[in-house]
Amino acid sequence: MAQDDVFKKLVAHCKEYGYVFPSSEIYDGLSAVYDYGQYGVELKNNIKKYWWDSMVLLNENIVGIDSAIFMHPTIWKASGHVDAFNDPLIDNKDSKKRYRADVLIEEHMAKIEDKILKEVAKAHERFGESFDEKKFRETNPRVLASQAKLDEVYSRFSKAMNDTDLEGLRQIILDTEIVCPLSGTRNWTDVRQFNLMFSTEMGSTSEGASKIYLRPETAQGIFVNFLNVQKTGRMKVPFGIAQIGKAFRNEIVARQFIFRMREFEQMEMQFFVQPGSELDWFRRWKETRMKWHRALGFGDDNYRFHDHTKLAHYANAATDIEYKFPFGFKEVEGIHSRTDYDLKQHQSFSGKKMQYFDPEKGESYIPYVIETSIGVDRMFLQVVSAALQDEEIKKEDGTTDTRTVLRLPSFLAPVKLAVMPLVKKDGLPDIAQKIVSDLKFDFNCQYDDKDSIGRRYRRQDAIGTPYCITIDHQTAADNTVTIRYRDSMKQERVRTEELKNIIFEKVSIASLLKKL
RNA sequence: GCGGGAGUAGCUCAGUUGGUAGAGCAUUAGCCUUCCAAGCUAAGGGUCGCGGAUUCGAGCUCCGUCUCCCGCUCCA
């Protein structure tokens, strides 16, 4: 099957079986927003629990928090999001290429600057030792003209940027005759501002409401609580703070189903370490996180690291864990060595000391940070695309049949077991109902007596239920039932009273966590 | 945002040169009882993405619009 078809089938399966629905579907949907359905929410919660427990339960030096989505607006100035997420963009209509308007103008100014410098260098060569650069710059007509032009563009540019005057920026591009490097034309669209942060207003508008942002990442909620957690939790470096929560980005292009959404959920852990030890911790977290992914058993070769060669301004090392999606290897998790950038920024913007007194070293410092950041929705998509399979089955009469089966790890499966009477008579439904009412406090159970037993098994396969309990006539006689396994389709007969322990052993998160 | 493709029942689709909407599967109820989907009977479900135009009449023609999919950029 072509990759596109595999992906389409995955999206259709998610919708058809109650995993993921387009948001606001009866109103034609909302672009790049999705809702999780009755099974999707269970799977998502289980993924979150797997992550949370592997962080907070297994590591005594990692604790969790849940910070608010609304935060003080200055936080986003300190983090750099206000500047970085506010790019004025312009398109060239001929090449269809998009540029940052400010970058185009800055590049143009650099060119003029370059021209002046060349002129100066040429003169320098000609006059030799006696060359007076200041005088030359003040008298040479070509340099003067270029300098005047540069000064004018610069003053217009900084004014336009300060006033966020988009039309002004466009006018500069037109007046200075900047052309598209690709098409060489000056056929530009309007300059548009793409603010990647959603904003809203807090307080009643009549009394002067202040503009606040929906957080574009959860990390800052951790950084601004660094002191609170360190002090009240008596945390000693190295230690980590974990958080799961929603984040919002007004993406220009949001696509590929739930891979890139405007509202998404992150699982982030910021690990605070001694300066100088960060690259060592970076390597350790790389390994730890990879192990976490591979423990799900979807095939080690389907994961790889993608080390960044171009680093963000705050990072001194960064890598992605990529998974082989139907549409290629794509990032699921990012691991970044963020230095002390964030805490330092908050220290300077808030005026509060973001330092840690290290009793072992006997000195104070701003800790360095290793961040592990994973998108819940991406992880969800990764799990479903790994688990969803069309399986060829040879039937007894020699023909083949396809079985659609969602091979979710038992712990992640939304429904743990389905209990079904073989036939709808002879009191078998009553026995089955009794078993459900005994087990429903411990596991997500389903009862089903509609249609033939084979069809019921297939229904459970499609939603990923790992175990089916079947009640047959022998049950009434000797109080045993069969467990049918989703992956092998094999059956095993067990005593009814042992069911709870047997299932518990199989679906417990401990069996997953013990692999780490 | 720009270019290309698509939108008819929960799903997969059919619907002739414009004449008032169909199939299979699924769902629900009943019958039958059979350990790996597709036995029988019946029922429910669609203002054909939305809005407008042309026409006596539009699922079909035209315009607009929304959404989804594929490319171009960024990221979790």
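This is a predicted model, so every value here is computed, not measured.
The aromatic rings of A:Phe272 and A:Phe226 sit tilted relative to each other, their planes meeting at an angle between 30° and 60°. Using a 30° and 60° split on the angle between ring planes, A:Phe259 and A:Phe325 fall in the perpendicular class, above 60°. The aromatic rings of A:Phe380 and A:Tyr36 sit perpendicular to each other, their planes meeting at more than 60°, with 30° as the lower class boundary.
Counting only heavy atoms from C-beta on, A:Lys424 has its side chain closest to B:U33 among B:U33, B:A37, B:A76. Distance from the side chain of A:Lys450 is smallest to B:U28 among B:U28, B:C35, B:U33. For A:Arg260, the listed nucleotide lying nearest its side chain is B:C75; candidates were B:C69, B:C75, B:C35. Between B:C69, B:C36, B:U27, one nucleotide has an atom nearer to the side chain of A:Tyr457 than all others, and that is B:C36.
Of the nucleotides present, none pairs with B:A37 by Watson-Crick or G-U wobble criteria with both distances under 3.5 Å. Across all strands shown, B:G45 has no partner, as no Watson-Crick or G-U wobble contact with both distances under 3.5 Å is found. As the counterpart of B:U54, no nucleotide is assigned, since no Watson-Crick or G-U wobble pattern has both distances under 3.5 Å. Look at B:C32: it lacks any Watson-Crick or wobble partner with both distances under 3.5 angstrom. Partner assigned to B:U17 is none, using Watson-Crick or G-U wobble distances below 3.5 angstrom. Pairing for B:C60 is absent, judged as Watson-Crick or G-U wobble with the two contacts each under 3.5 Å. For B:C75, there is no paired nucleotide, since no Watson-Crick or G-U wobble pair has both relevant distances below 3.5 Å. For B:U67, the paired base is B:A6 (Watson-Crick or G-U wobble, both distances below 3.5 Å).
A:Thr470 comes within 4.0 angstrom of a nucleotide base, judged by non-hydrogen atoms across all strands.
Taking side-chain N and O atoms only, A:Ser452 has no distance below 4.0 Å to OP1 or OP2 of B:A37. Contact between the side-chain N/O atoms of A:Arg459 and the OP1/OP2 oxygens of B:U27 is found at a separation under 4.0 Å.
In terms of heavy atoms, A:Thr480 sits closest to A:Gln474 at OG1-NE2, 3.9 Å.
Side-chain atoms of A:Glu16 and base atoms of B:C11 include no donor and acceptor less than 3.5 Å apart. Between the side chain of A:Arg484 and the base of B:C35, no donor-acceptor pair under 3.5 Å is found. Checked by distance alone, A:Asp461 brings no side-chain donor or acceptor within 3.5 Å of a matching partner on the base of B:C36.
Taking the C1' atom of each, B:G3 and B:C11 are spaced 31 Å apart, rounded to whole Å. Of the C1' atoms belonging to B:A21 and B:G15, the separation is 8 Å, rounded to the nearest Å.
A:Phe411 carries A:Lys416 over the face of its six-membered ring, with the cationic atom under 6.0 Å from the centre and within 45° of the normal.
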